[in-house]
Amino acid sequence: GSCLNGTLSCYAAAGDEGYIGEMEDSCSGELACSGAALRGNIGVIKGSCLNGTKTCSEAAYEGYIGEIEDSCSGEEACYSAASDYGNITSISHACEADRACFKAALNNTIESGIQNCCNEQSACVNVTEETLPAKCGSKSGKSKKSRSSKGSKNSSDAATEDAFEFVNLEEVAVVSMSLNLEEDIPSSMNDEEFPF
């Protein structure tokens with residue numbers, strides 16, 4: 001279960017039009033996920049935000065984290081990560097110590113994600129893409145160094161390749177405000193025309 005073993009473990013999580021897509025075996029402890037995704041967005045929290053006070057408190061507060069998986073255990077391990085319009089694609093097998101990723105990507109972006117690193121106390125406090133340790137690797141095994149070795153590609157190709165990994169919250173807000181969800185979708189539209 002989630003949101004157990006602590007006072008206010010999920011208080012105001014996904015509040016004020018925030019969103020948490022899925023939560024599984026996570027957010028246990030005092031104030032563990034309080035204020036997480038408040039006015040922000042977290043896609044998935046799985047096996048994370050455990051073993052401490054405020055482990056993921058205020059994570060993605062007015063910001064975005066794609067997924068937090070098997071990460072963020074310890075006192076304030078991911079406190080305020082990706083807050084204040086910050087953006088972290090994913091946190092996986094990382095931030096497993098007290099204050100390990102405290103305020104990571106605060107008002108900043110870590111597009112490559114935080115993978116398999118930052119597992120010592122205060123290792124990645126206020127970390128950004130530029131200051132992320134070189135040993136941080138992605139799920140596919142690519143390290144930060146191999147990710148930046150796209151020398152033959154121009155920057156627009158790289159941006160297109162990464163477009164589905166990165167979310168600009170200001171653009172999302174504009175798009176969501178311009179949609180009228182009560183409009184009928186024309187029956188002529190089908191999955192072949194819109195494969196996404």
Side-chain angles (χ1 to χ4, degrees), residues 2-3 6-23 26-115 117-119 121-133 136 165-177:
S2 296
C3 302
T7 305
L8 304 172
S9 57
C10 289
Y11 176 75
D16 201 9
E17 299 185 22
Y19 176 81
I20 297 175
E22 178 184 342
M23 185 184 298
S26 298
C27 301
S28 283
E30 183 133 354
L31 299 167
C33 291
S34 66
L38 182 67
R39 290 186 231 134
N41 185 315
I42 299 175
V44 175
I45 305 175
K46 193 172 194 177
S48 298
C49 309
L50 307 168
N51 306 321
T53 302
K54 297 183 180 180
T55 52
C56 292
S57 185
E58 297 185 24
Y61 177 85
E62 293 186 333
Y64 173 84
I65 299 175
E67 67 180 357
I68 304 172
E69 187 172 348
D70 298 320
S71 298
C72 302
S73 289
E75 301 290 317
E76 297 183 331
C78 291
Y79 177 86
S80 220
S83 289
D84 193 20
Y85 299 98
N87 187 323
I88 300 174
T89 305
S90 67
I91 302 173
S92 180
H93 303 283
C95 310
E96 294 280 285
D98 293 351
R99 295 175 64 98
C101 294
F102 183 85
K103 296 188 177 183
L106 180 70
N107 196 19
N108 213 304
T109 297
I110 299 179
E111 189 174 346
S112 64
I114 302 174
Q115 316 290 330
C117 61
C118 302
N119 289 317
Q121 183 172 343
S122 302
C124 293
V125 171
N126 293 316
V127 72
T128 64
E129 185 79 42
E130 293 76 28
T131 61
L132 197 63
C136 288
E165 295 180 8
F166 178 74
V167 173
N168 181 329
L169 285 177
E170 291 170 357
E171 289 176 12
V172 170
V174 170
V175 170
S176 65
M177 289 184 336

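In the model, Thr109 has no side-chain atom that pairs as donor or acceptor with a side-chain atom of Glu111 under 3.5 Å. Side chain to side chain, Glu129 and Ser112 meet the donor-acceptor criterion of an N or O pair below 3.5 Å. With 3.5 Å as the limit, one finds a donor-acceptor pair spanning the side chains of Ser34 and Ser57.
Of the candidates Gln121, Lys54, Glu76, Glu76 is the only one forming a side chain to side chain contact (heavy atoms under 4.5 Å, CB included) with Phe102. Glu75 pairs in a side chain to side chain contact (heavy atoms under 4.5 Å, CB included) with only one of the listed residues (Thr55, Asp98, Asn51), which is Asp98.
For the residue pair Ala104 and Cys124, the shortest heavy atom distance occurs at CB-O, 4.2 Å. Of all the heavy atoms in Cys101 and Cys118, the pair that sits closest is SG-CB, 3.7 Å. Taking every heavy atom of both residues into account, Ser71 and His93 meet most closely at OG-N, 2.8 Å. Contact record, Ala36 with Ile42: CB-CD1, 4.2 Å, taken as the closest heavy-atom pair. Considering all non-hydrogen atoms of both residues, Ile68 and Cys72 come closest at CG2-SG, 3.8 Å. Smallest separation of non-hydrogen atoms from Glu96 and Asn119: N-OD1, 3.0 Å.
At least one side-chain heavy atom of Ile114 sits under 4.5 Å from a side-chain heavy atom of Leu132.
Once rounded to the nearest 0.5 Å, the distance linking CG of Asp84 with CD of Glu58 reads 11.0 Å. The OG1 atom of Thr128 sits 11.5 Å away from atom CG of Asn107, with the distance rounded to the nearest 0.5 Å. Atom CD1 of Ile65 and atom CD1 of Ile45 lie 8.0 Å apart (nearest 0.5 Å). Atom SG of Cys95 sits about 7.0 Å away from atom CD1 of Ile88, to the nearest 0.5 Å. With values rounded to the nearest 0.5 angstrom, Glu130 atom CD is found 9.0 Å from Ile110 atom CD1. Atom OH of Tyr85 is separated from atom CG of Asn108 by 15.5 Å, given to the nearest 0.5 angstrom.
Of the possible polar contacts, none joining the Ser9 side chain to the Leu31 backbone as a donor-acceptor pair under 3.5 Å is found.
Applying the ring-ring contact (aromatic ring centres under 6.0 Å, His included) criterion to Tyr61, with sequence neighbours excluded, gives no partner residue.
Other residues, nucleotides and ligands contribute over 12 non-hydrogen atoms within 6.0 Å of the CD atom of Glu22.
Disulfide check for Cys117/Cys136 passes, with the SG atoms closer than 2.5 Å.
For Lys46 and Glu69, the salt-bridge test fails: no basic side-chain N is under 4.0 Å from an acidic carboxylate O.
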